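Comments concern the structure below.
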Amino acid sequence: MEFIGPDPKQEQGTRRRVTSTLLSKGPQTAAALAEELGLTPAAVRRHLEALQSDGSVEQRDPRAVGARGRGRPAKVFALTERGRDGFAAGYDDLARSALRFLAETGGDDAVRAFAERRVAFIEENFEDVMAAHPESTPAEVLALVLSQEGYAASVRDVPAAASSATGEQLCQQHCPVSHVAHEFPQLCEAETAAIGRVLERHVLRLATIAHGDGVCTTCIPEPVAARGATRLTPRPSDERKQVTS
């Protein structure tokens, strides 16, 4: 009886689905990928091993949020730069062409309005994610919001520039629009402004992938007096409606 191996085209199609999911949803466990794609965990792991072998995917430790339970947390899988490059070229060319046309026909104001519309998810999703993760700080909630959109974000505590203050850094390992944002910095500016609004403080963008840095890094200063606080003052209901509408 002749053994017929897997269909190469079908295999490539499934691996494309795996990498597309990692691109859109950020780092995922093998179990989460299996559930999302309707595959068995064994099948997903086989494809992940192949993707790791060609350098498209890497394995990472999960980011700790809140109190950690018993046992070792499952590893997550994330796209590498090589894996992201497989998606970038065609979409980037289309996006650049569209934004150039928008700039020519509507000017800078039109590009800025588009950039603000694109990052509206930050303010629209922030309150819901905060309610779902009451154990997380506002910055950690923001990282979750961004990670849901494929930014692979995390937070770390660092000394702020001023000796009288401490702060946090928001680190985004991936930026879905980094190649386009190099030509249209309005995308980064709108994102930074939205981050400042949801955290209700002035933030400072220290580095961006769009300008050649390895990670998008945003400084979130916090006064010493506020170190014990774990939540921001809730917005008035009328302002919240304005943000989420």
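Being a predicted model, the structure only gives us computed values, none of them experimental.
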What heavy-atom pair brings [X] and [Y] nearest, and what distance separates the two atoms?
| X | Y | result |
| --- | --- | --- |
| A139 | I220 | CB-CD1, 4.0 Å |
| R96 | H179 | NH2-O, 3.3 Å |
| P27 | V76 | CB-CG2, 3.9 Å |
| S178 | A210 | O-CB, 3.4 Å |
| A103 | F184 | CB-CE2, 4.5 Å |
| V141 | S136 | CG2-CB, 3.9 Å |

Atom pair [atom1] ([X]) and [atom2] ([Y]), whose distance is rounded to the nearest 0.5 Å:
| X | Y | atom1 | atom2 | answer |
| --- | --- | --- | --- | --- |
| D61 | K75 | CG | NZ | 3.5 Å |
| H174 | Q172 | NE2 | CD | 10.5 Å |
| E135 | M130 | CD | CE | 11.0 Å |
| F77 | L22 | CZ | CG | 9.5 Å |
| N125 | L144 | CG | CG | 11.5 Å |
| H133 | D128 | NE2 | CG | 10.5 Å |

Problem set entry | E149 and R118 ion-paired at < 4.0 Å |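 R118 and E149: not salt-bridged.
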
Problem set entry | Residues, nucleotides or ligands: over 12 heavy atoms within 6.0 Å of Q59 CD | yes

Problem set entry | CZ/F101: more than 12 non-hydrogen atoms of other groups inside 6.0 Å | no

Problem set entry | Whichever hydrophobic residues join L206 through chains of side-chain contacts under 4.5 Å | L204

[X] side-chain N/O to [Y] backbone N/O, donor-acceptor pair under 3.5 Å:
| X | Y | result |
| --- | --- | --- |
| R82 | D54 | yes |
| T80 | S56 | yes |
| S147 | A153 | yes |
| R60 | A78 | no |

Find out if a path of hydrophobic residues (ILVMFWY) with successive side-chain heavy-atom gaps under 4.5 Å connects [X] to [Y].
| X | Y | answer |
| --- | --- | --- |
| L187 | Y151 | no |
| I209 | V180 | no |
| L37 | L51 | yes |
| V177 | I122 | no |

Do the side chains of [Y] and [X] get nearer than 4.5 Å, heavy atoms only?
| X | Y | value |
| --- | --- | --- |
| L48 | L33 | yes |
| T137 | E168 | yes |
| R205 | I195 | yes |
| L146 | L170 | yes |

For this session: Kindly determine whether E36 and Q28 satisfy side-chain contact (heavy atoms from CB on, under 4.5 Å), including the steps that lead there.
Result: CA-CA 10 Å; E36 176 74 19; Q28 302 283 311; over 6 Å; no

Problem set entry | Summary of salt bridge (charged side-chain N to carboxylate O under 4.0 Å, His left out) pairs that have at least one residue in residues 103-113, sequence neighbours excluded |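 Applying salt bridge (charged side-chain N to carboxylate O under 4.0 Å, His left out) to every pair that reaches into residues 103-113, excluding sequence neighbours, yields D109-R112.
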
Exercise. Picking from Q52, R16, E11, what satisfies side chain to side chain contact (heavy atoms under 4.5 Å, CB included) with H47?
Worked result: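 Answer after filtering Q52, R16, E11: E11.
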
Problem set entry | Test log, rule side-chain contact (heavy atoms from CB on, under 4.5 Å), inputs V129 and Q148 | CA-CA 10 Å; V129 175; Q148 289 174 355; 4.0 Å; yes

